[in-house]
Protein chains: 2
Amino acid sequence: MKKNPTIADVARKARVSIATASRVVNNSDHPVSAATRRRVLKVVAEMGFAPSEVARALATRQTCMIGVIVGDTNDPYFSAIVRGIEDVARENGYIVIVCNSDRIPAVELTYVRTLLNYRVRGLIFAGGGLTDENYLREMRALVEQMERRNVGVVGLSEHLFPACEVTIDNRAAVRDGTSYLIQYGHRRIGMLSGPAGLNTTRLRTEGYRDALQAAGIAFDPALVIPGDFRFQGGIRAIERLLAIDRLPTAIMSSNDEMAIGAMVALKQRGLRIPTDISLVGLDDILSTQYVDPPLTTVQIPLYEMGATGMRQLVRLLNDEEIEPVLWLNHTLIERQSVSRIAG
Amino acid sequence: MKKNPTIADVARKARVSIATASRVVNNSDHPVSAATRRRVLKVVAEMGFAPSEVARALATRQTCMIGVIVGDTNDPYFSAIVRGIEDVARENGYIVIVCNSDRIPAVELTYVRTLLNYRVRGLIFAGGGLTDENYLREMRALVEQMERRNVGVVGLSEHLFPACEVTIDNRAAVRDGTSYLIQYGHRRIGMLSGPAGLNTTRLRTEGYRDALQAAGIAFDPALVIPGDFRFQGGIRAIERLLAIDRLPTAIMSSNDEMAIGAMVALKQRGLRIPTDISLVGLDDILSTQYVDPPLTTVQIPLYEMGATGMRQLVRLLNDEEIEPVLWLNHTLIERQSVSRIAG
DNA sequence: AATCGGTTGCAAACCGATTGGATTTCAACC
DNA sequence: GGTTGAAATCCAATCGGTTTGCAACCGATT
């Protein structure tokens, strides 16, 4: 097992001091004569020297690593966000450590601690904040600690601890989706909600109620089906809804995958969409375009959220002034899963 | 900006030497009296001390970071693999740095070098190897270097540089998919192939030819449409195929997303699937289940590939004996996008 | 020849841990 | 009471860089 060449090796071979070699490599502003510089650079090339980021991190007390906490990389919602983060990170010389929490408080906390031990320069929380009390207490302490230690923190949805944020208005997004259904004459509207313990779930359900209330429709808790943001969850939700005496005429889903699951389950039972039942999703993942019928949905700029979040983090780390909360727009995308209700 | 507590702080406060403190923290087998241990542990808890992984990495010359090079995290193919990697990594105390290369040789090379400077313990190449000559030359040199520096390397498809591998038989997978179509009476079969410069593309196209040859069907290069593994690519491929005088009666796609793009494009033109044209995909991503009709496809155990690859890497790093190449099985999943040809 | 300001380069401290080997402690034994 | 050896503890080198203070050197000016 051979060792990597060190800056000492370079210095020796170029017959300069380590300090000089270091200055050439980092082209610092300390003056170095052209001849010396050339000599060092030549040796660097010959030996294929590249400074150890580990050693450099220890000396400068800074790394260029940023941690990203996601629910599940395999969920298209997160994978789009991560891609946005990664692209901007790369442009700015950062590398990204991705951690899947599965939205489990303990896992998330452990990851955050580990990342801090690795001395990441910043941390991005993708996905909605958890609401668990113990989790929040610990997380707030950690965020405070990061503040003191100069570790940047950015949240990508509405989190419950103080951090710079880039988010859409989840409540309004679902309100708009639901209102759209109401405009089409629907008054008995089901809601596929997200997993418990998630702030986003809370907000989206509130948006649903807002829309109902604005239209003077009574809220029926039996029509709100808890889900898990996944395809199978959508299928199960339909089973639960069918257990009710009468199906709603429309369903607002708090994400696309569940909406698609619901669509498949409904079609399997011979129900036509949108003729028999209308469906609105949320996120606008790619597959909304190729299900049949294409899914009407409230678009969230996922990639952009990731990219913007990372951009904010970069600014934060450069000590630039930034908006504490950046709101991104959602947009209703009309496709073919909603129809005016008969009668 | 406050500093993190160091082991020196702990040692001082517990009135022991740094060495002793370190031994307690790592519970090394060097003997430490119960009383001292308790005292140190108490201080550790009080100060919330956790050793800096950076400093530890420098001292031990080892990190617990592993790098993963993927084409695009946002592609369900890769996101499933990454999830498998990450789960096993976590179980074994490793963290994962994800890098999107977009299959561009220069980007990939740069990432590998960066990761080596970060002193990752191992590297996983997800996705098929690139075939660019210059790239291969440089990559082989890098792999050799990693060998010497004891950095583990695992490839997850058939790569063109020497490394431990976990892969399916890409050639056979496409052969089997194509043969399935032939069994259903198709003889004029189109092929949606992958991007140029990719070993996997090569292998899969060969599998297509193998199947034709075995059935005594002449190979028609006009029926092989190059693609990009993406939804839009599938749509474009159909446009190109339609430019031919007569459409094939079936299409073998070298991945699912393109197959689905093709399906959408065909349906838009009023063609029925599988009545008018049959379709077989490859990968078995989730959406194959919810397109209409559900897509018959050759399943690749993506998550398992990632997980197994990471398991192999762990073994490699523990100096255990491992198989240099591990073959995983593909399986044809019959759904509803293939029908027996009329006549 | 002495002075001077600007270049250039060096030695050494430091970052925060690990670790081999030296040193101390202390109970048991002669 | 002195010796001994294992257990417990500590010292200091080391990992591979960055950075600062200081010294040497240079040609030009007085």
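Protein chains get the first letters and strands the later ones, always in sequence-line order, with residue 1 at the start of each. Quick caveat, the model's predicted, so the values are computed rather than measured.
- Note that CG of B:L313 and OH of B:Y94 are 7.0 Å apart. Values are rounded to the nearest 0.5 Å.
- Remark: the backbone N or O of B:C64 is not paired with any side-chain donor or acceptor of B:R121 at under 3.5 angstrom.
- Here the CD atom belonging to A:E158 is positioned 11.0 Å from the CG atom belonging to A:L198, to the nearest 0.5 angstrom.
- The side chain of B:S28 places no N or O atom within less than 4.0 Å of a non-bridging phosphate oxygen (OP1 or OP2) of C:dT19.
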**Message:** Within the 4.0 Å limit for protein heavy atoms, which parts of nucleotides 10-19 of chain D are touched? Write it as a string from 5' to 3', B for base, S for sugar-phosphate only, - for none.
**Reply:** BB---BBBBB
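- Near DNA chain C, meaning a heavy atom under 4.0 Å away, there are no residues from residues 36-46 of chain B.
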**DNA chain D base-pair string [pairs: Watson-Crick or G-U under 3.5 Å; |: paired with another strand]** = ||||||||||||||||||||||||||||||
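- Checked for salt-bridge contact, B:R90 and B:D87 miss the test: no charged N lies under 4.0 Å from a carboxylate O.
- Side-chain contact between B:M65 and A:M65: present, with at least one pair of heavy atoms (C-beta onward) separated by less than 4.5 Å.
- One distance of note links CG of B:L156 with CD1 of B:I69; it measures 11.5 Å at 0.5 Å rounding.
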Only pairs under 3.5 Å count here: list side-chain donor-acceptor contacts from residues 28-35 of chain B, not counting sequence neighbours, and write none if there are none.
from, atom 1, to, atom 2, distance (Å)
B:S28, OG, B:H30, N, 3.1
B:S33, OG, B:T36, N, 3.2
B:S33, OG, B:T36, OG1, 2.7

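- In summary, B:E147 and B:R140 do not engage in a salt bridge, as defined by a charged side-chain N under 4.0 Å from a carboxylate O.
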Using the 3.5 Å cut-off, write out each protein N or O paired with an N or O of nucleotides 23-28 of chain D and the distance between them.
none

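- Shown here are the ring pair (Phe, Tyr, Trp, His ring centres under 6.0 Å) partners of A:F78, two or more places apart in sequence or in another chain: there are none.
- Salt-bridge annotation for A:R113 and A:E138: present, with a side-chain N of the basic residue lying under 4.0 Å from a carboxylate O of the acidic one.
- No donor-acceptor pair under 3.5 Å is formed between the side chain of B:N100 and the backbone N or O of B:D102.
- Counting heavy atoms of neighbouring residues, nucleotides and ligands inside a 6.0 Å radius, atom CD of A:E46 exceeds 12 of them.
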